[in-house]
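Naming convention: chains lettered A, B, ... in sequence-line order (proteins, then strands); numbering from 1 in each chain. Heavy-atom basis, side chains included; hydrogens, waters and symmetry copies ignored.
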2 protein chains.
Amino acid sequence: MNYKRELLKGNTDALLLSLLSSQPMYGYQIIKELRKRSHGYFKFREGTLYPALHRLEKSGLIVGNWERLPSEKERRYYKLTEAGRRLLEEQVVEWQGFSTAVNLIMQPASS
Amino acid sequence: MNYKRELLKGNTDALLLSLLSSQPMYGYQIIKELRKRSHGYFKFREGTLYPALHRLEKSGLIVGNWERLPSEKERRYYKLTEAGRRLLEEQVVEWQGFSTAVNLIMQPASS
DNA sequence: ATACAACACCTTGTCATGCGAGGTCTGTTG
DNA sequence: CAACAGACCTCGCATGACAAGGTGTTGTAT
């Protein structure tokens, strides 16, 4: 039923790694950036994002550290590790293979 | 971890509907066709396919009926319903939107 | 002063679904 | 006759998106 929700499955990590490969970001910012860069398509929920970030950190793909703003507020900035960068490269390849394969089926291609 | 497996989630139904839009097929054939048309990429397992077919039939998107071969063997051929055809069209559009959005993030686009 | 939205983080539980592993029966081939 | 391929099936596990709930702060209307 919820097609879009299921589509996202398996892509969250790659999207997050991709985003963080451009620069370190904190959670809330990631949500807004994903939304902006996808022209409004991706609207990540916090219940999706934060567990995903923790998962990635636990796997050693990103590292986060708290930064205290002048206002005493704190944010947790995440940046890619070397392992994260390597996995990202693999996942980009994987995504290309996958989307190519889907397009072979979805479009009434000649073949 | 299992990236490819998760990628498939949410796409199974659209792939099946797409396949069946070209012609009615039975389960085993679908597995082989998907494999062939995707140049070996999609290797559906029976534990994925049969539940999916039952799901789709229950939702009225496909209908299956048994056909008896001369050899007394039976196969269950599935074909798209009108509702299935409509949903397929929606899902193709959805897939295009999704993959476009992913590519916006995954590729270090200018924008 | 007092709401109320936005920022910024978090967790718990529910639901969907891919698929590994198991099963059945038939037909064909060595 | 054994062994494999065709053809169907189900059960249970693991994964992951996210709704719904929570905390505390800052900024902006009323």
Side-chain angles (χ1 to χ4, degrees), chain A residues 1-17 24-36 41-59 61-62 64-78 91 98 101-102, chain B residues 1-17 24-35 41-59 61-62 64-78 91 94 98 101-102:
Chain A
M1 193 74 10
N2 201 333
Y3 186 45
K4 198 166 162 180
R5 174 173 180 165
E6 295 301 323
L7 269 182
L8 187 57
K9 280 196 183 173
N11 272 110
T12 309
D13 292 5
L15 289 174
L16 294 180
L17 294 178
M25 290 186 196
Y26 60 95
Y28 215 77
Q29 182 187 10
I30 289 175
I31 291 179
K32 285 184 299 179
E33 270 297 308
L34 274 177
R35 187 167 183 160
K36 188 173 142 203
Y41 188 91
F42 289 121
K43 292 168 189 161
F44 270 51
R45 299 328 198 80
E46 303 189 333
T48 302
L49 182 73
Y50 290 112
L53 288 174
H54 301 157
R55 204 163 62 223
L56 291 174
E57 185 168 32
K58 208 169 165 187
S59 308
L61 302 168
I62 62 177
N65 64 310
W66 290 100
E67 282 187 28
R68 187 177 302 276
L69 300 182
S71 58
E72 284 298 304
K73 241 169 84 174
E74 284 197 307
R75 290 171 178 166
R76 191 153 171 77
Y77 278 87
Y78 290 96
Q91 290 194 331
F98 177 76
V102 171
Chain B
M1 191 75 6
N2 202 333
Y3 186 46
K4 198 165 162 181
R5 175 173 177 163
E6 294 303 321
L7 270 181
L8 186 57
K9 278 194 184 176
N11 274 108
T12 309
D13 291 3
L15 289 173
L16 294 181
L17 294 179
M25 291 186 195
Y26 60 93
Y28 217 78
Q29 182 186 13
I30 290 175
I31 292 180
K32 286 185 295 180
E33 269 298 307
L34 274 177
R35 188 168 183 160
Y41 188 92
F42 289 121
K43 292 169 186 158
F44 271 50
R45 301 326 201 80
E46 302 189 335
T48 301
L49 182 75
Y50 291 111
L53 287 174
H54 300 159
R55 206 164 59 225
L56 292 173
E57 184 169 33
K58 207 169 165 186
S59 307
L61 302 167
I62 62 178
N65 64 310
W66 291 100
E67 284 187 26
R68 188 176 302 275
L69 301 181
S71 56
E72 283 298 303
K73 242 169 80 173
E74 284 196 307
R75 292 170 174 167
R76 190 153 171 77
Y77 279 85
Y78 289 96
Q91 290 194 330
E94 193 60 62
F98 178 77
V102 170

Distance, rounded to the nearest Å, where Glu67(A) contributes CD and dC9(C) contributes P:
11 Å
Does Tyr28(A) put a side-chain nitrogen or oxygen below 4.0 Å from OP1 or OP2 of dC7(C)?
yes
Could you tell me how far apart Leu7(B) (CG) and dC19(C) (P) are, to the nearest whole angstrom?
11 Å
side-chain N/O Arg55(A) vs dA17(D) OP1/OP2, d < 4.0 Å:
yes
Would you kindly give the CZ-to-C1' distance between Phe42(B) and dG18(C), to the nearest whole Å?
13 Å
Assert: residue with more 5' nearest nucleotide on DNA chain C, out of Thr48(A) and Arg75(A), is Arg75(A)
Report yes if a donor N or O on one partner sits less than 3.5 Å from an acceptor N or O on the other, where the partners are the side chain of Glu74(A) and the base of dC9(C); otherwise report no.
no
Should the side chain of Lys9(B) and the base of dT17(C) be counted as holding a donor-acceptor pair, with the cut-off at 3.5 Å?
yes
Does the side chain of Arg45(A) get closer than 4.0 angstrom to OP1 or OP2 of dA19(D) through an N or O atom?
yes
Please work out if Gln29(A) contacts a base, only the sugar-phosphate, or nothing of the nucleic acid, heavy-atom cut-off 4.0 Å.
nothing
Side chain of Arg5(B), base of dG18(C): donor and acceptor closer than 3.5 Å?
yes
Specify the residue among Pro51(B) and Lys32(B) whose closest nucleotide of DNA chain D lies further upstream toward the 5′ end.
Lys32(B)
Write down the distance between CG (Asn11(A)) and P (dT15(D)), rounded to a whole number of angstrom.
18 Å
With a 4.5 Å limit on heavy-atom distance, are the side chains of Arg55(A) and Asp13(A) in contact?
yes
Side chains of Val102(A) and Tyr41(B): does their closest heavy-atom pair fall under 4.5 Å?
no
Nearest whole Å is fine: how far is dC7(C) P from Glu33(A) CD?
13 Å
Looking at Tyr26(A), I'd like to know whether one of its side-chain N or O atoms comes within less than 4.0 Å of OP1 or OP2 on dA8(C).
yes
To the nearest Å, give me how far apart CG (Leu49(A)) and P (dC7(C)) are.
14 Å
If I take atom OH in residue Tyr77(B) and atom P in nucleotide dC8(D), what distance separates them, rounded to the nearest angstrom?
9 Å
Hey, is the side chain of Glu46(B) pairing donor to acceptor with the base of dC19(C) inside 3.5 Å?
no
Steps toward side-chain contact (heavy atoms from CB on, under 4.5 Å) verdict (Thr12(B), Leu8(B))
CA-CA 6 Å; Thr12(B) 309; Leu8(B) 186 57; 3.8 Å; yes
Between P on dG20(C) and NZ on Lys4(B), what's the gap in Å once rounded to a whole number?
12 Å
If you define the side chain from C-beta out and look only at heavy atoms, does anything of Arg75(B) sit under 4.5 Å from Tyr28(B)?
no
Ignoring backbone atoms, establish whether His54(A) has a side-chain N or O less than 4.0 Å from OP1 or OP2 of dT11(C).
yes
Side-chain touch Leu16(B)/Tyr78(B), heavy atoms, less than 4.5 angstrom:
no
For residues Arg35(B) and Phe42(B), determine if any side-chain heavy atom of one lies less than 4.5 Å from a side-chain heavy atom of the other.
no
Does OP1 or OP2 of dG16(D) have a side-chain N or O of Thr12(A) closer than 4.0 Å?
no
